[in-house]
J.: 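I am attaching a structure below and will ask some questions about it afterwards.
Predicted, not measured: the structure shown is a model, and the values here were computed from it.
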Amino acid sequence: MKDDQGLVEPASPPTREALKQAVGLRQLYRWFAPWVSGLLLVTAALLGLFTASSALGAGNFDAGLSTFGLAIFALARGIKNYLDGGSTVLWSPALVEDTDSLLLLVFLLAALATLGLVLAARARESVWQDIGYALFGTSLAMIASNLKHYFDWRERNQDRGDSC
């Protein structure tokens, strides 16, 4: 004989408000960012191997293997960061909020941009010239995004009455 005293009446059906609750863009970003960034790095690694293959000529071997190595390194570092409980995105954000850190970062990125221009100017092959220009453009974009983030952060703190 079964005892039915432990049974609970089923819960009421969900209300319309609960059904209409939308998922925000921030939550979608947290769900999909690790997969998208991982997919991009795996794609870059495969394209690097394709470039290093004999299908495109022997001159692209070094550039292809370099691309493959950097993509695999970034993927491994991102996975380690994720497993250690870090950011859900495979690469950590490179935005700073400290004045000294900003100055150091801008100096290092400016040196990297200059190195990219020198590489592009002295390149004998078009692949290395493109890599140099990409390094220059990426460095400038990171400088601009860090400057914008820093001044936005500073303005937010001044609006709240905090000291910088």
J.: Where is the tightest heavy-atom contact between Ala71 and Leu41, given as atom of each residue plus distance?
T.: CB-O, 3.6 Å
J.: Does Asp130 have any side chain to side chain donor-acceptor pair (under 3.5 Å) partners at least two apart in sequence or in another chain, and if so, which?
T.: none
J.: Give, for atom CG of Leu109 and atom CG of Leu140, the distance between the pair rounded to the nearest 0.5 Å.
T.: 9.0 Å
J.: Give, for atom CG of Leu40 and atom CG of Leu75, the distance between the pair rounded to the nearest 0.5 Å.
T.: 11.0 Å
J.: Below 4.5 Å, heavy atoms only, C-beta onward: do His149 and Glu97 meet side chain to side chain?
T.: yes
J.: Calculate, to the nearest 0.5 Å, the distance between atoms CZ and CG belonging to Phe73 and Leu70 respectively.
T.: 8.5 Å
J.: Nearest 0.5 Å, what's the CE-CG distance between Met142 and Leu105?
T.: 6.0 Å
J.: Could you tell me whether Asp152 and Arg156 have a side-chain N and a carboxylate O separated by less than 4.0 Å?
T.: no
J.: Could you tell me the separation between the CG atom of Leu117 and the CG atom of Leu135, rounded to the nearest 0.5 Å?
T.: 8.5 Å
J.: Indicate the atoms forming the closest heavy-atom contact of Ala113 with Phe136, along with that distance.
T.: O-CD1, 3.4 Å
J.: Within the 4.5 Å heavy-atom criterion, are Leu147 and Leu102 side-chain neighbours or not?
T.: yes
J.: For the residue pair Val106 and Ile143, what are the closest heavy atoms and their distance?
T.: O-CD1, 4.0 Å
J.: Test side-chain contact (heavy atoms from CB on, under 4.5 Å) on Thr99 and Tyr150; report intermediate values, then the result.
T.: CA-CA 8 Å; Thr99 306; Tyr150 173 76; 2.7 Å; yes
J.: With rounding to the nearest 0.5 angstrom, report the OG1 to CD1 distance, Thr67 to Ile131.
T.: 5.5 Å
